[in-house]
Amino acid sequence: MTKSFRWSDYVRPHLRELQGYVPGEQPQGGKFIKLNTNENPYPPSSAAVAALKDVGERLRKYPDPTATAFRQVAAQVLGVSPEQIVCGNGSDEILAMVVRLFLGPEDHAVWPSPTYLLYETLIRLQGARWQTFRYRPDWTLPEELFRANAKLTFIANPNSPSGTCFDLNQLRGIIARIPGPVLIDEAYADFAGQSAASLVRDCPNLMVSRTLSKSYALAGLRFGYLVAHEDLIRHLHSTRDSYNCDALSIAVATAAMSDQAWLRDNLRRVLEQRHVLERGLAELGFSVQPSQANFVWCRHPGGQAQSIYLALKTRQILVRYMNYGPDAEGLRITVGTPAQNQVLLEQLHQIVKSIP
Ligand SMILES: *Cc1c(COP(=O)(O)O)cnc(C)c1O
């Protein structure tokens with residue numbers, strides 16, 4: 001009996017062979033220049049860090065189940081009401097909550113590709129269906145997306161890996177053409193200087209997910225939120241874990257969101273360096289997609305993206321090599337500090353010189 005017992009026999013069939021989402025490498029130790037997971041190169045607001053005081057007392061008690069303090073501050077920043085916001089353990093949890101709410105085994109979700117790879121993992125976990133449509137070469141949306149009639153449509157805006165972004169006018173038109181729920185994933189929207197949150201009032205089928213991981217330099221905190229019509233927010237509250245955000249993350253996120261001066265200063269520095277990186281890569285012969293995010297998508301005409309990635313890695317520089325099929329591979333490079341970007345460009349110069 002014990003011999004023949006296998007845990008995988010008890011796992012639901014659609015989960016047995018599931019390969020979980022594979023995040024970018026997070027080397028433990030070593031002294032890498034880490035430009036592979038779009039983390040902010042600067043430390044977070046000192047007000048955010050200071051919010052960790054009284055940790056003992058915060059930890060003794062259960063957290064506010066709906067993160068009221070955060071929702072009030074975020075509502076003010078975005079010009080929506082606190083009842084239009086639900087918070088989560090990173091925007092990844094927000095995406096999972098939405099998938100769980102809408103999709104059963106017969107339902108399907110759609111998104112333009114290439115984009116954030118987690119969408120597929122979440123749909124697989126749910127045992128639901130999905131369909132993807134290639135972006136056009138100029139990174140506009142394929143027509144099929146508008147005819148898909150899906151239970152859920154994901155659009156990352158700005159998109160990863162391309163860094164391209166639809167402006168609010170374009171988005172309004174896009175959302176109006178999709179009959180079902182549309183989730184605009186705004187993980188990088190602060191770097192584009194816009195948010196579709198202001199469209200929620202006029203677009204009843206719109207959801208906007210946001211995170212403090214990138215623009216607020218708090219990837220380790222795990223805090224994200226969704227902005228949508230109050231009716232949907234109520235459904236999400238009744239289906240999420242009761243304490244999905246812990247007391248420390250609520251305190252830090254609230255303080256970070258309250259420090260908009262820090263955000264403005266950080267954005268200015270990152271955008272300045274984005275320009276440096278774009279120009280430097282172009283000078284080295286890369287074709288560079290103009291970015292509205294905190295990373296740059298570039299391709300080398302020699303088609304040597306993977307060997308360039310490996311050569312950088314041996315030089316202790318991590319970037320993200322992405323291969324989305326034939327003729328769609330490239331490097332996604334996070335904007336670092338001036339010193340990091342300079343080292344990167346110098347090393348790339350050496351590497352590219354040696355490519356025939
Ligand atoms: C980083 C990222 C997220 C996840 O953000 P977390 O809040 O850290 O979970 C979501 N969507 C996209 C497109 C991202 O790049």
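Numbering of ligands and ligand atoms starts at 1, following listing order. For clarity, every value in this text was computed on a predicted model and none was experimentally measured.
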J.: Every pair of nitrogen or oxygen atoms between ligand 1 and the protein that is under 3.5 angstrom apart - can you list them with their distances to 0.1 Å?
T.:
residue  : atom   : partner : partner atom : Å
ligand 1 : 5 (O)  : Ser91   : OG           : 3.1
ligand 1 : 7 (O)  : Ser91   : N            : 2.6
ligand 1 : 7 (O)  : Ser91   : OG           : 3.1
ligand 1 : 7 (O)  : Thr211  : OG1          : 2.5
ligand 1 : 7 (O)  : Ser213  : OG           : 3.3
ligand 1 : 8 (O)  : Ser213  : OG           : 2.6
ligand 1 : 8 (O)  : Arg222  : NH1          : 2.8
ligand 1 : 9 (O)  : Ser91   : N            : 3.3
ligand 1 : 9 (O)  : Asp92   : N            : 3.0
ligand 1 : 9 (O)  : Asp92   : OD1          : 3.2
ligand 1 : 9 (O)  : Asp92   : OD2          : 3.4
ligand 1 : 9 (O)  : Arg222  : NH2          : 2.8
ligand 1 : 11 (N) : Asp185  : OD1          : 3.2
ligand 1 : 11 (N) : Asp185  : OD2          : 2.7
ligand 1 : 15 (O) : Tyr188  : OH           : 2.6
ligand 1 : 15 (O) : Lys214  : NZ           : 3.1

J.: Is the positively charged end of Arg274 above the ring of Phe191, judged by distance under 6.0 angstrom from the centroid and angle within 45° of the axis?
T.: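 Output no; distance or angle outside limits.
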J.: Identify which one of Val276, Leu348, Val352, Asn341 satisfies the side chain to side chain contact (heavy atoms under 4.5 Å, CB included) criterion when paired with Leu281.
T.: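 Answer after filtering Val276, Leu348, Val352, Asn341: Leu348.
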J.: Do the rings of Trp139 and Tyr135 sit parallel, tilted or perpendicular, given the 30° and 60° boundaries?
T.: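 The arrangement is tilted - the two ring planes meet at 30° to 60°.
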J.: As a quick check of understanding, evaluate side chain to side chain contact (heavy atoms under 4.5 Å, CB included) for Thr115 and Phe154, giving each step before the final call.
T.: CA-CA 9 Å; Thr115 188; Phe154 290 106; over 6 Å; no
J.: With the 4.5 Å side-chain cut-off for hydrophobic clustering, are Phe223 and Tyr243 part of the same group?
T.: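 Phe223 does not cluster with Tyr243.
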J.: Which residue, Leu78, Ile184, Leu226, forms the side chain to side chain contact (heavy atoms under 4.5 Å, CB included) with Arg210?
T.: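 The passing option is Leu78.
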